[in-house]
Novice: 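Here it is, the structure in full.
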Amino acid sequence: MKGMKRRMRKEEDVTVSVLMPVYNHEKYIAKAIDGVLMQKTNFRFELIIGEDCSKDYSRRIVRQYQKKYPNIIKVIYQTTNKGMQKNIGRIQREASGKYWAYCEGDDYWTDENKLQKQIEFLEKNKKYNAVYHNVLCVDQKGRPCKRKSINKYPLKPSGSYTFNMIQNMNLVGQTASLVCRNVYDILQNNKDIKWFETCNCNGDQKLCALLACSGNIYFLNEIMAVHRVVLKEGTSWSAVTQQKNLSLYMYNSCIELNKLLYRIYKRNCCSKEYLKNLQQTACEEFYRKPNLENLVILICLNLRYIKDAVIWKTGKRTRFE
C-alpha cells in the first residue's frame, strides 16, 4: 500500500480503531470506556485512548482499564498537555483499523450494536465513506439539553449526504456518532496525509469535508450515543468556545480547509459569500460588545478579507488563500 506503507491486513487484524481523546474527564471517562467495551461485534476492535496529561484522576482511571483489558485498550500518555487537535492527531496515527470510530472522554455510546450496524453498512456500500447517527445531547449532570443554542444536533431522518450538502462548515452529525473508513487509507500518499494532519481548522469539520470529497456519507436515524455538552471545564469545543467571538477563527479555518481540499481534490468547501457573512458577523459582534478583543478581531478579519478579495477579483487563483 502506498503512502503510510501499511502492512497487509489479516483476518485477525483490527477492523475498527475507536479513538478517544481524554483531558480532565474523571467524572465521565468510565462511562465512555464502558460504552466501547460493551460493543457486540463479529470483528475485532481496539480502543486507543489519548490521555493528554490531565490534572485530575483521568490518567489513573484510564490506567486501571488498560491493565484490565490489555488486548483491547491502548493508551497514549502525553507527557505535556498538547491540546485537542494534536492529541487526536497522535491517536489517529496509532490506529491500525480498517475503520475509525470516535468517542471523546465526556461522551458515551448507548447501543451495544452500534459498531456492528455501522460497519455492516459500510461493508455493503463501498461508495460511502462514513456513517453518522442521531445523538442525545445532555448537560454536565446528564439532563437533556432543550435550548437550541446549546443543542447543536437536532434529530434528523435517515438519508445520504454529498459534498455539496455539507459546504460552508456544515457537519453531517456529532463526532461520537461517526464511523468512517481509515482516512490514511483514503488519502494513501504521504503528501496528502501531511496536508491533512497540518491543516489548522476545526478537526470535526475537516474530517467530515474530506470524507465527503471522496465518497458519500450516510446518516442513520437511530440514537446510539450521548453527547455531553460541557461548558465549564475540559477542552471540549463547547467549553473552549463558550461566549467567544469566533468569526476570525472560523474565517481562517475556512481558508485553511479550502487550501486542503483544493490541493487534494481541486474543490472548495467554503464560498466567498460565506466568508463575507463572517466579516459581517465580526462587525455585529463589535457593535454588540465594543471591547479591545472584538476590535482586534474585526480589524484582522477585514484586512484578511480585503487581501482575499483582491485575489478573487484578479482571478489569479481559484482557491481562497
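These numbers come from a predicted model, not from an experiment.
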Novice: For Y102, which of L207, V179, D107, V18 qualifies under side chain to side chain contact (heavy atoms under 4.5 Å, CB included)?
Specialist: L207
Novice: Can you confirm if the NZ or CZ of K276 lies within 45° of the ring axis of Y305 and under 6.0 Å from the centre of its six-membered ring?
Specialist: no
Novice: Hey, what else clusters with V296 if you join Ile, Leu, Val, Met, Phe, Trp, Tyr whenever side-chain heavy atoms sit under 4.5 Å?
Specialist: L292
Novice: Could you tell me if D13 and S96 have a donor-acceptor pair between their side chains, going purely by distance under 3.5 Å?
Specialist: no
Novice: How does the hydrophobic cluster around F286 look, that is, which other residues are in it when side-chain heavy atoms under 4.5 Å mark a link?
Specialist: Y287, L295, L298, I299, L303
Novice: Quick one: side chain to side chain donor-acceptor pair (under 3.5 Å) partners of S177, sequence neighbours excluded?
Specialist: none
Novice: State which residue, out of F219, Y132, Y218, fulfils the ring pair (Phe, Tyr, Trp, His ring centres under 6.0 Å) condition with F121.
Specialist: Y218
Novice: Establish, from distance only, whether the side-chain atoms of R288 and N294 form a donor-acceptor pair under 3.5 Å.
Specialist: no
Novice: List for me each residue that meets ring-ring contact (aromatic ring centres under 6.0 Å, His included) alongside Y265, sequence neighbours excluded, and say none if there are none.
Specialist: none
Novice: Quick one: which residue pairs count as a salt bridge (charged side-chain N to carboxylate O under 4.0 Å, His left out) with a foot in residues 33-43, not counting sequence neighbours?
Specialist: K40-E112
Novice: Using side-chain hydrogen bond (donor to acceptor under 3.5 Å, both in side chains), reason through S247 and N245 one step at a time and then give a plain yes or no.
Specialist: CA-CA 6 Å; S247 50; N245 182 350; 2.7 Å; yes
Novice: Salt bridge check: are E256 and K259 linked by an N-O gap of less than 4.0 Å?
Specialist: yes
Novice: Would you please name every residue forming a ring-ring contact (aromatic ring centres under 6.0 Å, His included) with Y153, sequence neighbours left out?
Specialist: H227
Novice: Return the minimal non-hydrogen interatomic distance between I255 and R304, and the atom names on each side.
Specialist: CG2-NH2, 3.0 Å
